Every structure is written in C-alpha cells, then in structure tokens.
Amino acid sequence: MVDESVIAAAVGLSVTASLPFLLYGAWIMIDTEVVTWNVLIRHLRYILVGLLLTTVPMVTWMMPRLLGQLSGGAVVHAFLGLQAYALLTFALTGIVRIFQAKRDADAYDDPDVDIDELHEDMGKWRGRLRVGVAGFMILWLCAWVSGLYRFYNLHLGQLL
C-alpha cells in the first residue's frame, strides 16, 4: 500500500497546481473589455480545470478522512475550505442569472450591448459574482496555506 505521506503530497500538488488555472481563468475575465461567447468558454475551461484539481482530491481523500483527524488544524482547514465553496455557490447565484440575461438578449453575440441595461437586477447579480469570487479566492488561499502547514506538521516535521 502507498504511504499516506505520498498520497498527501500528491493531493497537495494537485491542489497547488489548481492555483494557476484559477488565477488565469479570473485574469481572462478581468482583462476582457467585452465578454463574448468565446471568451466565456475560454475562461470556463481554465476555471473548470482548477476546480477539478481542487475538488476531486477534497471529495475523494480529504473529506473521508476528516472525522478521523479532528485536530484544531484539521477543523480550521476544513472550515476555510468549506467557506470558500460556500462563497463560490453564492457567486454562482449571480453567474447563472447574468448568463441567462445575456443569453436571452443575445449579448454574447453582440458586443455593443450594455449588460447593465439587460435587467434591473444586473448590478446585484454582478455584485454577488464579485463578492463570491473574491471571497472564494481569499478563503481558498487561506485553506491552501493551512493545508500546507498541516502537511508540514504531519508528514515533514517528523523528518527534520
């Protein structure tokens, strides 16, 4: 059987590898003046890879082991990670509504459409999106740092 430290290192590498995908996916949207269908698809490709690299290890390895490791560090790490996903869910409530409004108005095909004029609640939805994504990234980074700290304490600290 593979040593737990090797699996923990692989999980840590997977989660760490997701960071550039998440950041570049966000940068695509920040750097784009008008979000067309092609820009949206390109953005989603990077974001989905980043989320898969984080979510699959979390669901398959971290969560099943959580109850067996209820230390303070594990609780903090799990709390930060779950709060990050809660804020991502909050962002999705804005993303879905923005997508529906833009799709109904064919705004992905017509770059001259002012999206603020598509729906009276567009500002609220965009606010949810911004708060949710920024909160997700901040809490994701905090969970990542706490995970690295736990990895060091559980698997590397005893070697040094």
Side-chain angles (χ1 to χ4, degrees), residues 11-67 69-151:
V11 166
L13 286 174
S14 176
V15 172
T16 301
S18 72
L19 181 59
F21 288 98
L22 294 172
L23 292 176
Y24 186 67
W27 178 251
I28 289 170
M29 296 307 261
I30 291 168
D31 193 43
T32 301
E33 188 74 26
V34 176
V35 178
T36 63
W37 186 253
N38 290 335
V39 170
L40 178 65
I41 296 302
R42 184 170 170 234
H43 159 75
L44 288 175
R45 285 183 184 143
Y46 284 97
I47 294 299
L48 288 176
V49 170
L51 287 174
L52 283 173
L53 286 170
T54 297
T55 306
V56 170
M58 180 185 69
V59 170
T60 60
W61 192 72
M62 292 180 204
M63 288 177 73
R65 299 177 67 251
L66 179 63
L67 292 177
Q69 297 186 354
L70 283 181
S71 66
V75 171
V76 167
H77 180 65
F79 178 78
L80 292 169
L82 290 174
Q83 293 306 307
Y85 277 91
L87 279 168
L88 181 61
T89 303
F90 181 69
L92 287 173
T93 65
I95 292 169
V96 168
R97 300 298 293 173
I98 294 168
F99 174 78
Q100 288 172 338
K102 285 186 76 167
R103 194 78 172 145
D104 291 344
D106 291 327
Y108 286 112
D109 298 324
D110 183 9
D112 295 328
V113 173
D114 182 11
I115 66 168
D116 288 322
E117 295 177 7
L118 295 179
H119 196 279
E120 62 189 27
D121 292 331
M122 186 62 75
K124 293 176 186 175
W125 300 336
R126 292 174 80 192
R128 285 186 206 168
L129 172 61
R130 288 183 186 113
V131 168
V133 169
F136 170 77
M137 283 310 303
I138 290 167
L139 287 169
W140 186 95
L141 286 168
C142 292
W144 178 65
V145 168
S146 70
L148 290 177
Y149 179 75
R150 290 193 68 234
F151 176 76

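It should be emphasised that the depicted structure is a prediction, and the values quoted were computed from it without experimental measurement.
Taking the side chain to side chain donor-acceptor pair (under 3.5 Å) definition, one finds that Arg65 meets it with Glu4, sequence neighbours left out.
By the 4.5 Å heavy-atom criterion applied to side chains, His43 and Thr32 are not counted as neighbours.
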Val49 and Leu52: side-chain contact (heavy atoms from CB on, under 4.5 Å), yes or no, with the steps?
CA-CA 5 Å; Val49 170; Leu52 283 173; 5.8 Å; no
Under 3.5 Å, sequence neighbours excluded: what are the donor-acceptor pairs made by side chains of residues 78-88?
unit_1: Tyr85; atom_1: OH; unit_2: Thr55; atom_2: OG1; d: 2.7

Could you list the donor-acceptor pairs under 3.5 angstrom formed by side chains in residues 119-130, with sequence neighbours left out?
unit_1: His119; atom_1: ND1; unit_2: Asp121; atom_2: N; d: 3.0
unit_1: Arg126; atom_1: NH1; unit_2: Asp116; atom_2: OD1; d: 2.9
unit_1: Arg126; atom_1: NH1; unit_2: Asp116; atom_2: OD2; d: 3.4

Determine all donor-acceptor pairs shorter than 3.5 Å in which one atom belongs to a side chain in residues 91-110; sequence neighbours excluded.
unit_1: Thr93; atom_1: OG1; unit_2: Phe90; atom_2: O; d: 2.5
unit_1: Arg97; atom_1: NH1; unit_2: Gln100; atom_2: OE1; d: 3.0
unit_1: Lys102; atom_1: NZ; unit_2: Val35; atom_2: O; d: 3.1
unit_1: Asp110; atom_1: OD1; unit_2: Asp112; atom_2: N; d: 3.3

Would you be so kind as to tabulate the donor-acceptor pairs closer than 3.5 Å made by side chains of residues 16-28, with sequence neighbours excluded?
unit_1: Thr16; atom_1: OG1; unit_2: Gly12; atom_2: O; d: 2.7
unit_1: Thr16; atom_1: OG1; unit_2: Trp144; atom_2: NE1; d: 2.9
unit_1: Ser18; atom_1: OG; unit_2: Val15; atom_2: O; d: 2.5
unit_1: Ser18; atom_1: OG; unit_2: Thr54; atom_2: OG1; d: 2.7
unit_1: Tyr24; atom_1: OH; unit_2: Arg42; atom_2: NH2; d: 2.4

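Nearest heavy atoms, His77 versus Ser146: ND1-OG, 2.9 Å.
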